[in-house]
Amino acid sequence: MARRRGPGALTIAALVLAALIALIIPLPRLVAPLRPDFVALVVLWLCLLSPRPTGLVVAFLAGLAVDAVHGMLLGQHALVFSVIAYIALKLRLRIRAFPLLQQSAVVFALLALAEFLAFWIDGVTGHAVTEWTRWLGVLVGAACWPLLAGLLERYLPRA
Amino acid sequence: MSPIQDQDHRNLLLEGPSLGLRLAILGVLSLALMVADHRARYLEALRGAVTAAAYPVHRAVDAPFAAWKSLGGELTSRATLQAENVELQAENLALKLKLMRFESLEEENRRLRGAREGSSRVVQRSLVAEIMKVDLDPFRQRVLVNKGSSDGVYAGQAALDAKGIFGQVTRVGPVSAEIIMISDPEHAIPVAVNRTGVRTIAVGTGQPDKLTLPYLPRNADLEEGDLIVSSGLGGVFPPGYPVARVVDVTRDPAQPLLQVAAQPLAALDRDPEVLLVWFERTIIEPELELEPDAGTEAGAEAPAAATSPAEAREPAPASETAPAAAGGASTEPAAPAGEAS
């Protein structure tokens, strides 16, 4: 029996690329810290609602792309995204059954974990950013989740 | 696991090596990358390649803004252009007038310094680079410019704007480069107080309108409004260019060091373009006092930075820095103490 396929490799690449662009489009300085990590959201969506064996690799590559585009320590987001993708893949069966709001709560936890890991790596490499505003993106990201999941659900087939 | 979940698990099969193994492999891979990127300098070539790979994305984001700007240039009215022209001509005249004085002053300066200073130590060549409209990490004060190694840009190059020192190049791709601003918390620039010649280090705070001078002793001669210029120590920045103006000096009796806030003169968050400069650099041994947390240790580092005004007047040659760092702790308190109050 043929399994239903989720979005293909091209679609995923396009999604990640769009998220990357959303990540660096210039925003006013006051609003910029509010920007959620769009790439993390896309990675989570792929792993939760359209899981595939290559989910971790996609997460890793997307993380590398973020590091390259942001000019950060190479491998930082690759590690962070791999970890949250792993947890998302492990929990996907439970989370898929959650209503959207509850999914948002899980996404909040995962994004917070991602931010914490990034924070920690920043600290270890001596680039610590201790401003509390860096956590705002996590909140906004979780708030964006229903919208994003709804949109993607509507236009892309679930696996 | 319940049978139902087992069933489900087979439906959403994730074949191949187990997830945990995959994570372990990818984790080790990214850790290796991080260590290599953080520790080893031989990754410069790879970094350049990465910057190059990211360029299309940067370009895609920047392109609409650049197009809008050029469209605005096309559609400027005649009257606006004429007005601008008049303004620029006036400014040009004023600048020429200043330059006339500058040349004689420079000559005089060179004579006074003697033959030791062969070169004038001012900027010899500059390149205008436009800042791309791309947001890098909002918590780091960095920008991307549209010039790279193909234009001769190199890592560690100084960047200025019309008002003062802007930052330095950290990473170079073939056609783009990343500049760290002087206000980045990871950035420190060797400076001198223009009025007294006291040398110290200005450290970024993460806010584009604030620098701190954390290594000045409490009795150092510093006032609000003092101009801070680059000292040229370290060889990255050309000496004598304006960096910041002191806006707040707090003398807290409980602290061994001054708390100084200075406002950068360069329009760090508003500049549309910067100047990348080439100048003849004298080789100077790097100083060891760049660590921000070292200053808190009983002020041992601070006196070294603030040598007595008399000897600090001239931009320091290499021989002068070492004795200052070694003997500063004992000699310093005598000199500025007299003029502090």
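Within every chain, numbering begins at 1; the chains are lettered A, B, ... in the order of the sequence lines, protein sequences first and strands thereafter.
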Chain A contacts, top residue of B:Leu136, B:Leu26, B:Val134, B:Leu33 (heavy-atom pairs, under 4.5 Å): B:Leu26

Over 12 non-hydrogen atoms of neighbours within 6.0 angstrom of CG in A:Leu10: no

Residue pair A:Val69 / B:His58: nearest heavy atoms and the distance that separates them: O-NE2, 2.7 Å

Sub-4.5 Å side-chain heavy-atom contact between B:Met34 and A:Leu79: yes

Among the listed options A:Leu27, A:Leu17, A:Leu23, A:Val83, the residue most often paired with chain B at heavy-atom distances under 4.5 Å: A:Leu27

Top of A:Met72, A:His77, A:Arg134 for chain B proximity - count of heavy-atom pairs under 4.5 angstrom: A:Met72

Chain A interface, residue from B:Leu31, B:Leu29, B:Thr51 that has the most non-hydrogen pairs under 4.5 Å: B:Leu29

Heavy-atom contact with chain B under 4.5 Å, split by part of A:Ile121: side chain

Among the listed options B:Val50, B:Val57, B:Asp135, B:Asp62, the residue most often paired with chain A at heavy-atom distances under 4.5 Å: B:Asp135

Inter-residue atom distance B:Ser30.OG - A:Gln76.CD, 0.5 Å rounding: 10.5 Å

Interface residue of largest heavy-atom contact number with chain A, from B:Gly206, B:Pro208, B:Gly27, B:Ala60, under 4.5 Å: B:Pro208

Contacting moiety of B:Asp269, where chain A heavy atoms sit under 4.5 Å: side chain

Neighbour count >12 (heavy atoms, 6.0 Å) for atom CH2, A:Trp135: yes

Under 3.5 Å: donor-acceptor pair, side chain of B:Arg22, backbone of A:Leu56: no

B:Asp37 to A:Leu74 - nearest heavy-atom pair and separation: OD2-N, 2.7 Å

Beyond-backbone contact of A:His70 with B:Arg140, side-chain heavy atoms, under 4.5 angstrom: no

Interchain contact, B:Phe65 with chain A, by part (heavy-atom threshold 4.5 Å): side chain

